[in-house]
Amino acid sequence: MTSTTDTTRELLLSRIRDVRDYPKPGVLFKDITPLLADPVAFSALTDTLVELCVRHGATKVVGLEARGFILAAPVAVRAGLGFVPVRKAGKLPGATLSQAYELEYGTAEIEIHAEDLSADDRIMVIDDILATGGTAEASLELIRRAGAEVAGVAVLMELGFLPGRARLEQGLRGAPLEVLITV
């Protein structure tokens with residue numbers, strides 16, 4: 001767990017809107033756009049994630065498509081680190097490494113530019129939500145295949161009622177999972 005203060009946690013949670021029945025009936029969607037629109041809350045989130053990067057010795061930040069880009073890019077800039085996007089297959093030009101992974105109903109694939117990472121890099125993976133853990137788990141495999149080390153995974157929210165943490169546990173190989181809010 002992070003050193004996020006209760007005040008910061010409450011601020012962040014207060015700016016996350018629940019949207020019922022989106023994108024389909026029965027789903028309670030956690031909308032972070034009000035948090036992003038609030039400069040105080042967004043700055044507090046960015047500062048907290050920067051602190052995690054520093055604490056875990058990250059040299060680069062990986063953001064997972066797509067909301068992970070929004071969170072990770074300002075963290076990288078504020079921390080003075082490089083930013084590397086992990087994209088859906090077919091979205092990056094040039095040579096890539098790809099990783100397929102299982103979804104509840106089917107498969108998906110993500111890619112990274114391998115030349116953006118090196119054996120000297122310690123990577124902090126940042127995303128908005130840990131749900132089932134498939135994308136995060138696949139990103140860890142990509143990072144290691146590119147020759148870099150995983151410094152940790154940091155997420156704004158964990159959906160505690162889904163198996164993401166358990167699925168990610170083995171792929172972390174002892175690297176920390178930092179969750180700011182569990183719902």
Closest non-hydrogen atom pair between [X] and [Y], with its separation:
{"X": "Ile110", "Y": "Ala138", "value": "CD1-CB, 3.6 Å"}
{"X": "Val179", "Y": "Met157", "value": "CG1-C, 4.4 Å"}
{"X": "Ala44", "Y": "Thr8", "value": "CB-CG2, 4.2 Å"}
{"X": "Cys53", "Y": "Ile126", "value": "SG-CD1, 4.4 Å"}
{"X": "Pro176", "Y": "Ala151", "value": "CD-O, 3.2 Å"}
{"X": "Ala154", "Y": "Leu49", "value": "CB-CD2, 3.8 Å"}

### Task
Could you identify which residues cluster with Phe29, counting Ile, Leu, Val, Met, Phe, Trp and Tyr as linked when any side-chain heavy atoms lie under 4.5 Å apart, either directly or through a chain of such contacts?
Val19, Tyr22
## Note on the structure
Students should find that the hydrophobic cluster of Phe83, defined by side-chain heavy atoms under 4.5 Å apart, otherwise consists of Phe69
N/O donor-acceptor pair under 3.5 Å between [X] side chain and [Y] backbone:
{"X": "Ser14", "Y": "Leu11", "value": "yes"}
{"X": "Glu102", "Y": "Gly134", "value": "no"}
{"X": "Asp31", "Y": "Thr33", "value": "yes"}
{"X": "His113", "Y": "Pro85", "value": "no"}
{"X": "Lys60", "Y": "Ala148", "value": "no"}
{"X": "Ser118", "Y": "Asp120", "value": "yes"}
{"X": "Arg15", "Y": "Ala41", "value": "no"}

### Query
Would Arg55 and Met124 satisfy side chain to side chain contact (heavy atoms under 4.5 Å, CB included), going step by step from the backbone distance to the final call?
CA-CA 11 Å; Arg55 182 187 326 152; Met124 180 63 76; over 6 Å; no
Quick one: [atom1] on [X] to [atom2] on [Y], what's the gap to the nearest 0.5 Å?
{"X": "Asp116", "Y": "Leu97", "atom1": "CG", "atom2": "CG", "result": "10.5 Å"}
{"X": "Thr7", "Y": "Leu12", "atom1": "OG1", "atom2": "CG", "result": "11.0 Å"}
{"X": "Leu35", "Y": "Lys30", "atom1": "CG", "atom2": "NZ", "result": "13.0 Å"}
{"X": "Leu64", "Y": "Ile112", "atom1": "CG", "atom2": "CD1", "result": "9.0 Å"}
{"X": "Leu130", "Y": "Thr182", "atom1": "CG", "atom2": "OG1", "result": "9.0 Å"}
{"X": "Leu177", "Y": "Leu172", "atom1": "CG", "atom2": "CG", "result": "6.0 Å"}

Flag yes if [X] and [Y] sit in one hydrophobic cluster, no otherwise; membership is Ile, Leu, Val, Met, Phe, Trp, Tyr, and two members link when side-chain heavy atoms are under 4.5 Å apart.
{"X": "Leu103", "Y": "Val86", "value": "yes"}
{"X": "Phe161", "Y": "Val27", "value": "no"}
{"X": "Val183", "Y": "Leu156", "value": "yes"}
{"X": "Val54", "Y": "Leu45", "value": "yes"}
{"X": "Leu81", "Y": "Ile70", "value": "yes"}

### Query
Given Arg165, which of Glu158, Glu178, Glu137 fulfils the salt bridge (Lys or Arg N to Asp or Glu O under 4.0 Å) condition?
Glu158
### Summary
Here the salt bridge (Lys or Arg N to Asp or Glu O under 4.0 Å) pairs for residues 68-84, sequence neighbours left out, are Asp47-Arg78
### Task
Can you run down the side-chain hydrogen bond (donor to acceptor under 3.5 Å, both in side chains) pairs that involve residues 81-90, sequence neighbours left out, and say none if there aren't any?
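For residues 81-90: Glu65-Arg87.
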### Task
Please step through side chain to side chain contact (heavy atoms under 4.5 Å, CB included) for the pair Leu142 and Val62, ending with a clear verdict.
CA-CA 11 Å; Leu142 275 179; Val62 159; over 6 Å; no
### Task
Would you check, one step at a time, whether the test side chain to side chain contact (heavy atoms under 4.5 Å, CB included) holds for Ile143 with Val84?
CA-CA 10 Å; Ile143 290 163; Val84 179; over 6 Å; no
### Message
Applying the side chain to side chain donor-acceptor pair (under 3.5 Å) criterion to Gln99, which one of Glu109, Glu141, Glu111, Arg145 satisfies it?
### Response
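Between Gln99 and the candidates, side chain to side chain donor-acceptor pair (under 3.5 Å) is satisfied uniquely by Arg145.
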### Message
Using the rule given for side chain to side chain contact (heavy atoms under 4.5 Å, CB included), can you reason through Ile32 versus Arg67, listing the C-alpha separation, both sets of side-chain angles and the distance that settles it, and then say yes or no?
### Response
CA-CA 9 Å; Ile32 68 166; Arg67 289 181 300 264; 4.1 Å; yes
### Message
Run the side-chain hydrogen bond (donor to acceptor under 3.5 Å, both in side chains) test against Asp21 and tell me which residues pass, sequence neighbours left out.
### Response
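In terms of side-chain hydrogen bond (donor to acceptor under 3.5 Å, both in side chains), with neighbours along the sequence ignored, Asp21 is linked to no residue.
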### Query
What pairs with Thr46 under side-chain hydrogen bond (donor to acceptor under 3.5 Å, both in side chains), at least two apart in sequence or on another chain?
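For Thr46, no residue satisfies side-chain hydrogen bond (donor to acceptor under 3.5 Å, both in side chains) once neighbours in sequence are set aside.
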### Query
For Glu169, does the CD atom sit with more than 12 other heavy atoms under 6.0 Å from it, leaving out its own atoms?
no
